[in-house]
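Here the structure is laid out as structure tokens; the discussion comes afterwards.
Chain letters run A, B, ... following the sequence lines, proteins first and then strands; every chain starts at 1.
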There are 2 protein chains.
Amino acid sequence: MTGGDPTEEIVEHLFALVDSLRAGFEATAAAFDLSVAQAKVLRYVAGSGPVPMRDVACRMRCDASNVTGIIDRLEDRGLVERRASSADRRVKTLVATARGQEVAGALWSAVRSGAVAQLRMDDDDRVTLLRLLGRVDHVAPR
Amino acid sequence: MTGGDPTEEIVEHLFALVDSLRAGFEATAAAFDLSVAQAKVLRYVAGSGPVPMRDVACRMRCDASNVTGIIDRLEDRGLVERRASSADRRVKTLVATARGQEVAGALWSAVRSGAVAQLRMDDDDRVTLLRLLGRVDHVAPR
DNA sequence: TATTGTTATACTCTATAACTATA
DNA sequence: TATAGTTATAGAGTATAACAATA
């Protein structure tokens with residue numbers, strides 16, 4: 001088990017961690033009857049005030065046509081609303097409803113708790129990890 | 001930016017990292033014309049010798065019916081083969097073809113390189129990160 | 001009776017292309 | 001002409017339920 005290439009080993013651990021955290025996230029979102037994509041979009045809309053559909057597509061790094069369906073489902077459940085933009089009549093602006101704000105808050109609180117529970121670290125290690133993670137080349141910091 | 005709850009902050013970084021590594025993985029797999037699920041299954045089959053379909057479902061933590069389709073596509077491309085089990089005639093055993101072994105090796109080598117490039121760490125930090133990750137509560141170490 | 005793998009079905013996410021209504 | 005959003009279409013992953021073959 002020991003003695004392997006350290007670089008290879010760290011990547012193995014890293015991908016195990018990615019899978020684990022992703023699975024935890026998916027399970028937490030599912031507890032709120034949301035998919036991963038829906039949970040991310042709801043959070044973005046709830047946290048960033050009125051945003052055009054287009055901005056959601058950019059943030060999610062997906063095609064705009066996807067966003068239509070995801071917002072359809074969030075809107076059907078009363079978590080998000082489409083509104084006309086006063087500045088540009090082509091644009092539809094997204095706003096979280098009161099219920100949407102509640103769900104987003106509860107969901108992401110649960111996500112954070114779950115992730116911290118998985119980490120099982122003391123304060124020192126947590127600070128060290130934070131320092132290391134701060135250097136990672138993130139495509140899109142959230 | 002600074003001064004927030006350290007726990008909250010670390011989770012933000014962690015999920016940004018998860019998204020980033022996952023996106024890199026997806027892009028690398030796509031360069032081999034494979035989906036994320038196909039890449040994972042191919043690696044498991046190529047690395048674990050003859051395995052029953054059922055074992056793949058357990059490893060992937062998904063329903064057995066999914067595996068049928070994923071293996072169908074890998075088999076259509078000549079990367080994997082279904083074989084009859086001599087011990088139990090209900091079981092189909094999976095083996096990577098020579099081409100499947102090649103692809104699995106090249107793909108995962110590229111995945112490791114990409115992940116290391118994203119990390120941008122010196123040796124000391126890499127050792128530290130490895131130590132921290134070793135404590136994380138992985139659902140399924142690979 | 002229980003298990004292995006498949007099929008049928010349905011839903012979500014994903015992209016591309018074509019369309020509309022604006023700009 | 002270019003852009004925002006939608007629709008149509010297609011493919012992939014996911015789960016549930018029902019099924020045949022085998023244990």
Side-chain angles (χ1 to χ4, degrees), chain A residues 19 22-45 50-77 79-95, chain B residues 19 22-45 50-77 79-95:
Chain A
D19 276 356
R22 167 127 186 148
F25 179 26
E26 194 171 349
T28 303
F32 288 82
D33 270 308
L34 292 171
S35 69
V36 166
Q38 286 165 5
K40 286 182 179 176
V41 169
L42 177 59
R43 185 201 195 198
Y44 179 50
V45 173
V51 291
M53 302 277 291
R54 176 67 39 176
D55 289 10
V56 177
C58 291
R59 172 54 75 103
M60 296 286 289
R61 300 178 196 288
C62 73
D63 192 83
S65 60
N66 295 339
V67 179
T68 298
I70 294 170
I71 295 296
D72 281 350
R73 290 179 273 277
L74 289 176
E75 199 170 29
D76 285 348
R77 293 181 46 189
L79 301 175
V80 157
E81 275 180 17
R82 282 173 169 98
R83 292 188 186 163
S85 164
S86 49
D88 185 335
R89 285 160 54 191
R90 292 172 304 180
V91 172
K92 290 176 187 171
T93 309
L94 301 170
V95 183
Chain B
D19 277 356
R22 167 122 185 152
F25 179 27
E26 194 171 348
T28 302
F32 288 82
D33 270 305
L34 291 171
S35 69
V36 166
Q38 286 164 8
K40 285 181 179 176
V41 170
L42 177 59
R43 186 201 196 198
Y44 179 50
V45 173
V51 291
M53 302 278 289
R54 175 67 39 178
D55 288 10
V56 177
C58 292
R59 172 55 74 101
M60 297 285 288
R61 300 181 196 285
C62 73
D63 192 83
S65 60
N66 296 338
V67 179
T68 299
I70 293 170
I71 295 297
D72 281 349
R73 290 180 272 277
L74 289 175
E75 198 169 29
D76 285 347
R77 294 182 44 191
L79 301 175
V80 157
E81 276 181 16
R82 283 174 168 95
R83 293 188 187 162
S85 164
S86 50
D88 185 336
R89 283 160 55 190
R90 293 173 301 181
V91 172
K92 290 176 187 171
T93 309
L94 302 170
V95 183

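Here B/Val36 pairs with B/Arg22, B/Phe25, B/Glu26, B/Lys40 under the side-chain contact (heavy atoms from CB on, under 4.5 Å) rule; sequence neighbours left out. Residues passing the side-chain contact (heavy atoms from CB on, under 4.5 Å) test with B/Arg90 are B/Asp88, sequence neighbours excluded. Legend: residues meeting side-chain contact (heavy atoms from CB on, under 4.5 Å) with B/Ala30, ordered by chain and number and at least two apart, are absent.
Nearest to the side-chain atoms of A/Val91 among the listed nucleotides D/dG13, C/dT7, D/dA4 stands D/dA4. Comparing atom distances between the B/Pro52 side chain and each of C/dG5, D/dT14, C/dT7 picks out C/dG5 as nearest.
Using a cutoff of 4.0 Å between basic side-chain nitrogens and carboxylate oxygens, A/Arg77 and A/Asp72 are not scored as salt-bridged.
Within the 4.0 Å cut-off from OP1 or OP2 of C/dT6, at least one side-chain nitrogen or oxygen of B/Arg82 is found.
The CG atom of B/Leu34 sits 19 Å away from the P atom of C/dT14 (whole-angstrom rounding). If you take CD of B/Glu26 and P of D/dG13, they are 11 Å apart, rounded to a whole angstrom. With rounding to whole Å, A/Leu94 atom CG is found 12 Å from D/dA4 atom C1'. A straight line from NZ of B/Lys92 to C1' of D/dT22 spans 12 Å, rounded to a whole angstrom. In this entry the distance linking CE of B/Met60 with C1' of C/dG5 reads 17 Å, nearest Å. Residue A/Asp63 contributes atom CG, which lies 11 Å from atom C1' of D/dG5 at whole-angstrom precision. As a whole-Å value, the separation of B/Lys40 NZ from D/dG13 C1' is 12 Å. Atom CZ of B/Arg54 is separated from atom C1' of C/dT6 by 11 Å (rounded to the nearest Å).
Over its full length, the helix from C/dT1-D/dA23 to C/dA23-D/dT1 turns its helical axis through 10°, comparing axes from the five pairs at each end and rounding to 10°.
A/Arg83 approaches A/Val95 most closely through the heavy-atom pair NH1-CG2, 3.8 Å. Among all heavy-atom pairs drawn from A/Ala29 and A/Ser35, the shortest one is CB-O, 4.1 Å. Contact between A/Val80 and A/Glu75 at its shortest, heavy atoms only, is O-CG, 3.3 Å. Looking at every heavy atom in both residues, B/Thr93 comes nearest to B/Pro50 through CG2-CB, 3.3 Å. Closest non-hydrogen pair, B/Val67 versus B/Cys62, comes out as CG2-SG, 4.1 Å. The heavy-atom pair separating A/Val51 from A/Val45 by the smallest distance is CG2-CG2, 4.1 Å.
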In the 5'-to-3' direction, what one-character label does each nucleotide of nucleotides 18-23 of chain C receive under the scheme B = base within less than 4.0 Å of a protein heavy atom, S = sugar-phosphate only, - = no such atom?
-> ---BBS
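Atom CG of A/Leu94 and atom CD1 of A/Ile71 lie 4.5 Å apart (nearest 0.5 Å).
Taking every heavy atom of residues 66-77 of chain A and every atom of DNA chain D, pairs under 4.0 Å involve A/Thr68, by number.
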